[in-house]
Protein chains: 2
Amino acid sequence: MEPQRHPTEPVGFARHDHSHCVEDALAAAEARCLYEGLRFTPVRRRALEILLERHRAMGAYEVLERLQAEGLGAQPPAAYRALDFLVANGFAHRVERLNAFVACNHPGEDHIPAFLICRSCNRVAETVALPARAQLVSAAAASGFEVERVLVEAEGRCAACRQSDSE
Amino acid sequence: MEPQRHPTEPVGFARHDHSHCVEDALAAAEARCLYEGLRFTPVRRRALEILLERHRAMGAYEVLERLQAEGLGAQPPAAYRALDFLVANGFAHRVERLNAFVACNHPGEDHIPAFLICRSCNRVAETVALPARAQLVSAAAASGFEVERVLVEAEGRCAACRQSDSE
DNA sequence: CTTGCGGTGTTATAACATATCATTTAGACG
DNA sequence: CGTCTAAATGATATGTTATAACACCGCAAG
Ligand SMILES: [Zn+2]
Ligand SMILES: [Zn+2]
Ligand SMILES: [Zn+2]
Ligand SMILES: [Zn+2]
C-alpha cells in the first residue's frame with residue numbers, strides 16, 4: 001500500500017535509494033504536467049507510482065489490481081487509459097516482449113529506450129539505443145522505408161540471477 | 001488455397017519471383033530438417049508454407065484458420081506448436097510488436113533479425129541487426145547482464161505506402 | 001513386445017486488449 | 001455566475017492472443 005522504504009532496493013539491476021527515487025520521479029512528473037498543461041489525475045499519478053514502486057515491468061492487469069484495491073477504477077480500460085497516458089507522455093514505456101509497462105528512467109530526456117530483460121527475475125533495466133536506431137535508419141533508407149519508431153529489447157540474465165544460479 | 005503465382009509479388013518491400021521463393025524455401029527447410037534430424041511434419045510444413053505464401057507477418061490464429069481449412073489441426077495449440085517449431089529452428093521469426101510470425105528471409109544463416117514494420121500495410125521486411133547487438137552487449141556488460149537474445153524492430157512506413165499517401 | 005518419447009488432439013481457461021456508450025468533471029467563455 | 005465543450009472516467013461487453021493439462025497415437029530403441 002505504501003512505497004517500500006528499503007534504501008537499497010534494486011532498480012533495473014543497480015542498487016539505489018528507492019524511496020527517494022519514487023518521490024523524485026513523481027514530483028518531476030507533476031511539475032512537467034503542470035508545465036505542459038497535462039492533467040496528472042489521481043489514477044494516472046497512482047499508476048505511475050505503482051510502476052515506480054516496483055521498478056519492474058508490470059502487466060496492465062497487475063497495475064489494475066492495485067488500482068482496484070484503492071477504488072481508482074475497476075475495469076481494464078481504466079488501467080489501459082492511465083498507462084497509455086504515461087507512455088504517450090514519456091513517463092513510462094511499453095516492453096513489447098513482455099506485454100508490460102515500466103516507468104521511464106530518463107523522463108523528460110527525449111531518448112530512444114532499449115531494455116535489458118532478465119528472463120529469471122523479470123526485472124528490466126533501461127538504457128539507450130541511439131546507435132541501433134542510426135544503423136536501422138540507414139538500412140531502411142535503401143528500400144525507401146521511413147523509420148518512425150525503434151524498439152530494442154535484449155533478453156538475458158542479470159548479474160544477481162546468474163550469481164544465484166551458480167550457487 | 002494455392003500459392004500466388006504473380007511473378008512480382010512484393011516480399012518485404014522488394015519485388016521478386018514469389019512462386020520460386022516459396023518452393024525454394026520449402027525445399028531448403030525440408031533438406032535442413034533431414035540433415036539435422038528434425039521432424040518436418042505436415043502441419044509444420046504447411047504452416048511454413050502459409051507464412052511463405054503471404055510473406056507478411058501473420059497472427060497465430062490467422063495461420064490456424066488456414067490449417068483448419070485443410071484439416072490440419074483444429075485448435076490454437078496446433079498452430080502455436082507448429083509456429084514454435086519454426087521459430088525454434090530458425091525457419092520463422094516472431095515479431096513482438098505485432099504478436100505475429102513471419103517466415104525467415106535468411107534461413108540457415110545464423111543471424112540476428114531486425115524488422116522494418118510498415119504501420120500502414122503491415123508488411124514486414126527482415127534485415128540484420130549485428131551492430132545493434134554488439135552495442136547492447138557492451139552496454140549490458142557494465143551491469144553484469146548477459147545478453148542472450150536481441151530483438152530489434154522499427155516501425156514506420158514503406159515506400160509504397162508513403163507514395164500512395166501523397167497521391 | 002514393451003517402453004519411452006515426441007507429436008498431436010481436445011478441452012478449458014488464462015492473459016492481454018479494445019469497442020462502445022453513458023456519465024461526470026474541469027475549464028473556457030460570455 | 002451559468003452554460004457549453006472537451007477530456008476524463010465509469011461500465012458493459014467482447015475480441016484477441018496464449019497456455020495449461022491430460023489423453024492418445026505411432027514409431028523406434030532396447
Ligand atoms: Zn525512458
Ligand atoms: Zn534477474
Ligand atoms: Zn531471419
Ligand atoms: Zn506499407
Side-chain angles (χ1 to χ4, degrees), chain A residues 29-30 33-48 50-51 56-89 91-102 117 119 122 153 155, chain B residues 29-30 33-34 36-48 50-51 56-89 91-102 117 119 122 153:
Chain A
E30 189 129 32
C33 285
L34 193 62
Y35 179 72
E36 297 184 19
L38 302 170
R39 295 171 59 179
F40 202 44
T41 65
V43 208
R44 292 168 176 181
R45 183 195 169 88
R46 185 65 186 120
L48 178 55
I50 287 167
L51 291 181
R56 283 181 23 232
M58 297 179 75
Y61 277 72
E62 205 178 342
V63 172
L64 175 60
E65 252 178 43
R66 314 201 72 220
L67 291 174
Q68 283 175 331
E70 301 162 41
L72 286 167
Q75 302 76 25
Y80 280 100
R81 284 163 177 163
L83 291 167
D84 286 350
F85 169 87
L86 296 176
V87 169
N89 296 291
F91 300 117
H93 300 291
R94 181 181 163 85
V95 182
E96 297 292 342
R97 185 67 226 290
L98 303 174
N99 294 328
F101 301 84
V102 66
I117 305 166
R119 67 171 162 78
N122 231 46
E153 301 178 8
E155 197 179 345
Chain B
E30 189 129 33
C33 284
L34 193 61
E36 295 183 21
L38 301 170
R39 295 173 56 181
F40 202 45
T41 65
V43 208
R44 292 169 175 179
R45 184 195 167 88
R46 184 63 186 121
L48 178 56
I50 287 166
L51 291 181
R56 284 183 20 233
M58 297 180 75
Y61 280 74
E62 205 178 341
V63 172
L64 175 59
E65 249 177 45
R66 315 201 72 220
L67 290 175
Q68 283 175 331
E70 302 162 40
L72 286 167
Q75 302 76 25
Y80 280 100
R81 284 164 178 160
L83 291 167
D84 286 350
F85 169 86
L86 296 177
V87 169
N89 298 106
F91 300 116
H93 299 292
R94 183 181 160 84
V95 182
E96 298 292 342
R97 185 67 224 290
L98 303 174
N99 293 328
F101 301 83
V102 66
I117 306 166
R119 66 170 162 78
N122 230 47
E153 300 178 6

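All values reported here derive from a predicted model rather than from experimental measurement.
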- Given side chain to side chain contact (heavy atoms under 4.5 Å, CB included), test B:Asn99 with B:Arg94 step by step and report yes or no. CA-CA 7 Å; B:Asn99 293 328; B:Arg94 183 181 160 84; 3.1 Å; yes
- Query: Going by heavy atoms in the side chains, are A:Leu48 and A:Phe40 under 4.5 Å from each other?
  - Reply: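 Heavy-atom side-chain distance check passes, below 4.5 Å.
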- Using a 4.5 Å cut-off on heavy atoms from C-beta on, say whether the side chain of B:Leu51 contacts that of B:Phe91.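 Not in contact.
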[X] side-chain N/O to [N] phosphate OP1/OP2 under 4.0 Å:
X       : N      : value
A:Asn99 : C:dA15 : no
A:Arg45 : D:dA8  : no
A:Arg44 : D:dT9  : yes

- Is the ring centre of A:Tyr61 under 5.5 Å from the base ring centre of C:dC16, and are the two planes under 30° apart, so that they stack?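 Stack criterion met.
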- Query: If you check the A:Pro77 side chain, which of D:dA11, C:dA17, C:dT11 turns out closest?
  - Reply: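 Nearest nucleotide to the side chain: D:dA11.
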- Picking from D:dA18, C:dT8, C:dG9, which would you name as closest to the side chain of B:Gln75?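 It is C:dG9.
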Roughly, in whole Å, what's the span from [atom1] in [X] to [atom2] in [N]?
X       : N      : atom1 : atom2 : result
B:Tyr80 : D:dT19 : OH    : P     : 7 Å
B:Met58 : D:dT17 : CE    : C1'   : 15 Å
B:Glu70 : C:dG9  : CD    : P     : 13 Å
B:Phe85 : C:dT8  : CZ    : C1'   : 14 Å
A:Leu83 : C:dT18 : CG    : P     : 11 Å
A:Leu67 : D:dG10 : CG    : C1'   : 14 Å
B:Leu64 : D:dT16 : CG    : P     : 13 Å
A:Gln68 : D:dT9  : CD    : C1'   : 15 Å

- Task: Without swapping roles, check the side chain of A:Glu153 against the backbone of A:Val95 for a donor-acceptor pair under 3.5 Å.
- Result: no
- Would you check if the side chain of A:Arg44 reaches a backbone N or O of A:Arg39 as a donor-acceptor pair within less than 3.5 Å?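 Here the side-chain-to-backbone pair exists.
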- How would you label the contact of A:Gly73 with the nucleic acid (heavy atoms, under 4.0 Å): base, sugar-phosphate, or nothing? sugar-phosphate
- Message: Students often get this wrong, so: under 4.0 angstrom with heavy atoms, is A:Arg39 touching a base, only sugar-phosphate, or nothing?
- Response: sugar-phosphate
- Pairwise 5' ranking along DNA chain C for B:Leu38 and A:Phe101, keeping only the more 5' one: B:Leu38
- Message: By nearest heavy atom, map B:Leu98 and B:Arg81 onto DNA chain D; which one lands nearer the 5' end?
- Response: B:Leu98
